[in-house]
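One structure is given below, encoded as structure tokens.
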2 protein chains.
Amino acid sequence: MAKSFHEYKNPSLAVDLVIFGYHDNTLSVLLLNRKEEPFKDCWTLPGGFLQMEETFLGTCSRILKTKTGMDDVYLEQLYSFDGLGRDPRGRVIAVGYYALINPARFNIIAGSMANDVKWFDVHKMPKLGFDHQDIFQLALQRLKSKILYDPVGFELLDELFTITELHELYECILETTIDRRNFRRKILDAEYVINTGTKREGLQNRHPELYKFNKKLKKNSFQINVNVS
Amino acid sequence: MAKSFHEYKNPSLAVDLVIFGYHDNTLSVLLLNRKEEPFKDCWTLPGGFLQMEETFLGTCSRILKTKTGMDDVYLEQLYSFDGLGRDPRGRVIAVGYYALINPARFNIIAGSMANDVKWFDVHKMPKLGFDHQDIFQLALQRLKSKILYDPVGFELLDELFTITELHELYECILETTIDRRNFRRKILDAEYVINTGTKREGLQNRHPELYKFNKKLKKNSFQINVNVS
DNA sequence: TTACTTCACGTCAAAATGACGTAAACAAAT
DNA sequence: ATTTGTTTACGTCATTTTGACGTGAAGTAA
């Protein structure tokens, strides 16, 4: 190993997670109430320091498992944050990741950390510690642009879903109205989804057909348009 | 400061640059021939370690200035690389940035590092040290998708340029043919460029009009379409 | 003048989009 | 059994955008 290579002082390296969940027509983010300084009793994004022999995704999994009890979720690197004053303890670089999960798959509230971990509507966020407000904002913006051309929305829904449910998800995330009939046409023409032949039973009105995500979909084969007027 | 916060061993943090330049209808990347181990005599992306009080962009500027003599260039964060074996000296995280420059603004070749620094056609790249092949590939892919909806192409051209020059740039980067008349229509309809009223003189044939980038352009107001058949 | 090339602007059929209409399917109330 | 109210599924159609080309004007060199 080269001389004095590791004798330089290095910044610490943290991974911070923006965990999105969708439920009841609401897009939420999972926050953690810190028990230690700095930002004791403040809400923050779940995060942790990178271990020497760990990949980013390894750190993500460890954080998800230990702090929220979740595993096997969609993860994507967001951005790396280098603000000099972002952590009062010293120089800490944060690599931001965002996760998309279906809250129905997990049972966050019932854990031992009942009061420490909580879902927050993205429109009703508390003040966040560190620079986590910036990280959250960027993640939300990324999600909004991403669902327009990439089928990440499915990560937030059940495996089987109706077109209406998918439509509501898009309207919720994009915070706009999208014509229901044109949306259906786009989704179906692009072969974005596959009709399973089954229907969702037990609803008030006409039983809608259940679809699943078309995993053989070729990349960049579709584009949702939104009036940004 | 909290107890033992900086006593953990931290990975080193490097910044690696993919510097794109466009000249003579060729997209090139600036590479550095390493003088030290590891990867001595190998071509690599210019890079350097993040100093404790430095931002990523600060490191980028320092690398650009000391290793290539350039300053004031377009820079954008690409991705962070965490491969466990990416540096034989130990654990090094790399934050990748890419730069878009107009080589005409600088004089790389004539520096003291004449043999150390060289432009390579993106199609004629040598074998690269570290995981720099991956970083380069991702940067190229990012550039290709970015110019379709964001006017970054202008960073590679002179301040004044003709529609034909812009058209050739797009064809070069996207490695495809784009109908010249439809391209012109798209660019003009989107008010992507402003006609300066002047013409480029001294050419063989009809003197084309010179345009400049419309800096008041609203984001996401245009989309170049390419046949990916 | 002629020849040749590039530039600037048009044309037009086909495809995509945006804005709606409406009948069928279902549960609950009458 | 019929009606009512709602959601789902599938259309229609005018307008806009796209893709594929045509062509005259501007310029240089022969």
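Letters go in sequence order (proteins before strands), and every chain restarts at 1. Heavy atoms only: backbone and side chains are in, while hydrogens, waters and symmetry mates are out.
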### Summary
Among C:dC7, C:dC20, D:dA9, the one nearest any side-chain atom of B:Thr164 is C:dC7

### Query
Any donor-acceptor pair under 3.5 Å linking the side chain of A:Thr59 with the backbone of A:Thr55?
yes

### Task
Fit a plane to each ring of B:Phe120 and B:Trp43, take the angle between them on a 0 to 90° scale, and name the class: parallel (under 30°), tilted (30 to 60°) or perpendicular (over 60°).
perpendicular

### Query
Ring centres of A:Tyr192 and A:Tyr211 under 6.0 Å apart?
no

### Nucleic acid contacts - residues 182-193 of chain A versus DNA chain D, non-hydrogen atoms under 4.0 Å
A:Arg184, A:Arg185

### Query
Any idea which heavy atoms bring A:Phe222 and A:Leu148 closest together, and the distance?
CE2-O, 3.7 Å

#### Entry: Donor-acceptor under 3.5 Å (A:Asp121 side chain, A:His123 main chain)
yes

### Query
When you check every protein heavy atom under 4.0 Å of nucleotides 25-30 of chain C, what one-letter string (B, S, -) results, 5' to 3'?
BBS---

### Rounded interatomic separation in angstrom, taking CG from B:Leu166 and C1' from C:dA8
16 Å

### Task
Would you mind telling me which of C:dC20, C:dC9, C:dA8 lies closest to the side-chain atoms of B:Arg181?
C:dC9

### Task
May I have the distance from B:Arg200 (atom CZ) to D:dT28 (atom P), rounded to whole angstrom?
15 Å

### Query
Does a side-chain N-to-carboxylate-O contact under 4.0 Å join A:Arg185 and A:Asp189?
no

### Task
Using heavy atoms to find the nearest nucleotide of DNA chain C for B:Glu209 and A:Arg180 separately, return the residue whose nucleotide is more 5′.
B:Glu209

### Query
Which residue, A:Leu217, A:Asn214, A:Ile163, A:Leu210, forms the side chain to side chain contact (heavy atoms under 4.5 Å, CB included) with A:Val193?
A:Ile163

### Helical bend (five base pairs per end, nearest 10°) for the helix from C:dT1-D:dA30 to C:dT30-D:dA1
10°

### Electrostatic pair A:Lys216-A:Glu191, nearest N-O below 4.0 angstrom
no

### Message
Distance alone, cut at 3.5 Å: any donor-acceptor contact between the side chains of B:Tyr98 and B:Glu76?
### Response
yes

#### Entry: Euclidean distance, atom CD of residue B:Glu201 to atom P of C:dT6 [Å, nearest integer]
18 Å

### Message
Can you measure B:Asn195 atom CG to C:dA8 atom P for me and round it to whole angstrom units?
### Response
8 Å

### Query
D:dC10 C1' sits how many Å from A:Asp179 CG, rounded?
13 Å

### Task
Please check if any side-chain donor atom of B:Thr198 sits under 3.5 Å from a side-chain acceptor atom of B:Thr196, or the reverse.
yes

### Task
Enter the distance from B:Leu17:CG to B:Thr68:OG1 here, rounded to the nearest 0.5 Å.
8.5 Å

